[in-house]
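Quick notes on the structure that follows.
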Number of protein chains: 2
Amino acid sequence: MVELLSKVSIRVNEKVYLKDPESSELGRKIVTRSIDLIDEMGFESFTFRKLGMEIGSTEASIYRYFESKHRLLLYLTSWYWGWMEYRLVFTLANIPSARERLRLAIGLLTDQVTEDSDFSHINEVKLSRIVIAESSKAYLTREVDQENKEGAFLGYKKLVARISTIIMEINPDFRYPHMLVSTVIEGANHQRYFADHLPRLTNVIEGEDSIAEFYKQMVFNTINP
Amino acid sequence: MVELLSKVSIRVNEKVYLKDPESSELGRKIVTRSIDLIDEMGFESFTFRKLGMEIGSTEASIYRYFESKHRLLLYLTSWYWGWMEYRLVFTLANIPSARERLRLAIGLLTDQVTEDSDFSHINEVKLSRIVIAESSKAYLTREVDQENKEGAFLGYKKLVARISTIIMEINPDFRYPHMLVSTVIEGANHQRYFADHLPRLTNVIEGEDSIAEFYKQMVFNTINP
DNA sequence: TACAAAAGATAGTAATACTATCACACATGA
DNA sequence: TCATGTGTGATAGTATTACTATCTTTTGTA
């Protein structure tokens, strides 16, 4: 899989960038180092000026790739959902049982990302931390409707749709598949954040992945009581 | 209840403000009008300068009440969770059945707030929209640990703890009560936002409150399969 | 070698999120 | 009645941010 992946790149909707960052050395550096910086200092403190200094370039050059730092965040989150869908397709290939496919899918969405797959210039461990702490800010803005029209959230929606399909295979009468899947994705991210910062809002049990465990229980009991 | 409430005020942890906004006319105006403005223009575009102009005062005067606009957001969200807990206690009083209490609690958390209770200078309908669209930003910052230490999130944690207790009454073996409750609260808010802006991430069925319905199903099936 | 496209260098702007200082109105209490 | 202090208003100032504009230099390629 790693070999195959090394020949593949995740496509991000072209509306979120001005110039494809995959198309040049500078573009890839912008992406790689922005992930480092946002992970270190948080999205609020991150600026194109700081990034420029880090990569030995300038603000102006970065603006040729991304219209704003918000668009860069859209790029990073879109890439992440694209990557997730990619992993999902491979993970579920040739598994006949729908229940087993759903189990694997929930695992993928809720397990902690602990290994950098190393098939790109993107560090997925750091990126997953960014998604946990910052991805809500990608859509909680006044520009959400416009950006949605432009397709900025297609990757997320495709992922949700794909898993909803599995749920409908298991129980065609279940009325809220999209709601359930997006609850799991957002929920798992929030619970990981709570575990680190607001532990009284969650239940982390030493030595087990409670979050993955909880959401598996929740999904199966909800769709097939 | 309305009469009783008119004599009561929601207490917010005093660390989030410099001077209690309930203690003066100006303070109450700051809170009332900031809710209007944030609801209208979003938290990003909202500034103390604009608020000052709205209430015929100045930036400097507002800064005497709140250290920053972020602290004001903490105040508003804390007030909201305090108000929720208050309503919860009244709603659940004298209901012997734990299952019925849980049902009512989930309803309170997930139903849309459509009426301004009119017992304070705070418009709860607008505030609930702010909570839906902006409250994640109250804790998704690098200052979360410090602010948590100061007690900025106590209201939220108390509410979660209170509902968790009911769950434990129903099923003492359930291992993730806090996780379930915070998943419901955050989930319901996100789903309302999705319904308005990213409808393919949810399932809104015309003429019924799908969100409340879904989370009730989810909770009961999860704790008592 | 010629030429365009990409990147770098530099400068500038309006707005933001504060901070600092001073003046003044007004209520209280001695 | 005067002194005092508190709360508020008015004004100004700062560092930083999120861009934009323009010009020059480098680099790949035909």
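These numbers come from a predicted model, not from an experiment. Because only heavy atoms are used, hydrogens play no part in the values below, and waters and symmetry mates are left out as well, while side chains stay in. Chain letters run A, B, ... following the sequence lines, proteins first and then strands; every chain starts at 1.
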Heavy atoms under 4.0 Å, any strand shown: does [X] hit a base, just sugar-phosphate, or nothing?
X	value
Tyr65(B)	sugar-phosphate
Glu67(A)	sugar-phosphate
Phe48(A)	nothing
Thr47(A)	sugar-phosphate
Arg64(B)	base

Looking at [X], I'd like to know whether one of its side-chain N or O atoms comes within less than 4.0 Å of OP1 or OP2 on [N].
X	N	answer
Thr58(A)	dA9(C)	no
Ser24(B)	dT8(D)	yes
Ser61(A)	dG8(C)	yes

Interatomic distance where [atom1] belongs to [X] and [atom2] belongs to [N] [whole Å]:
X	N	atom1	atom2	value
Glu59(A)	dT20(D)	CD	C1'	10 Å
Met41(A)	dT16(D)	CE	C1'	14 Å
Phe66(B)	dG7(D)	CZ	C1'	16 Å
Glu25(B)	dG9(D)	CD	P	11 Å
Asp20(A)	dA5(C)	CG	C1'	16 Å
Ile62(B)	dA10(D)	CD1	C1'	14 Å
Arg49(A)	dA18(D)	CZ	P	11 Å
Tyr63(B)	dA17(C)	OH	P	7 Å

**Request:** Measure the acute angle between the ring planes of Tyr193(A) and His197(A), then classify it against the limits of 30° and 60° as parallel, tilted or perpendicular.
**Result:**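 It falls in the tilted class, 30° to 60°.
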Extract from the structure each pairing of a protein N or O with an N or O of nucleotides 25-30 of chain D at less than 3.5 Å, listing the distance.
none

**Request:** Mark yes or no: Lys69(B) above the aromatic ring of Phe46(B), with NZ or CZ under 6.0 Å from the six-membered ring centre and no more than 45 degrees from the axis.
**Result:**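 Negative - Lys69(B) is either too far from the ring of Phe46(B) or too far off its axis.
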For the side chain of [X] and the backbone of [Y], is there at least one donor-acceptor N/O pair under 3.5 Å apart?
X	Y	result
Lys137(B)	Leu140(A)	yes
Arg200(B)	Val160(A)	no
Thr202(A)	Val204(A)	no

**Asked** Gln191(B) and Ser182(A): side-chain donor and acceptor closer than 3.5 Å?
**Response**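 Looking only at side-chain atoms, Ser182(A) and Gln191(B) do form a donor-acceptor pair, the distance falling under 3.5 Å.
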**Asked** Do Glu22(A) and Ser9(A) have side-chain N/O donor and acceptor atoms under 3.5 Å apart?
**Response**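 No, Ser9(A) and Glu22(A) have no side-chain donor paired with an acceptor closer than 3.5 Å.
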**Request:** Consider the side chain of Leu26(A), meaning its heavy atoms from C-beta on, and name the nucleotide among dC19(D), dA7(C), dT16(C) that approaches it most closely.
**Result:**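 When the side chain of Leu26(A) is considered, dA7(C) is the closest of dC19(D), dA7(C), dT16(C).
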**Request:** Identify which nucleotide among dC19(D), dA21(D), dT8(D) has an atom closest to any side-chain atom of Ala60(A), counting heavy atoms from C-beta outward.
**Result:**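 From the listed options, dA21(D) comes nearest.
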**Request:** Could you tell me if the ring centre of Tyr65(B) sits under 6.0 Å from that of Tyr17(B)?
**Result:**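 They do not qualify: ring centres at least 6.0 Å apart.
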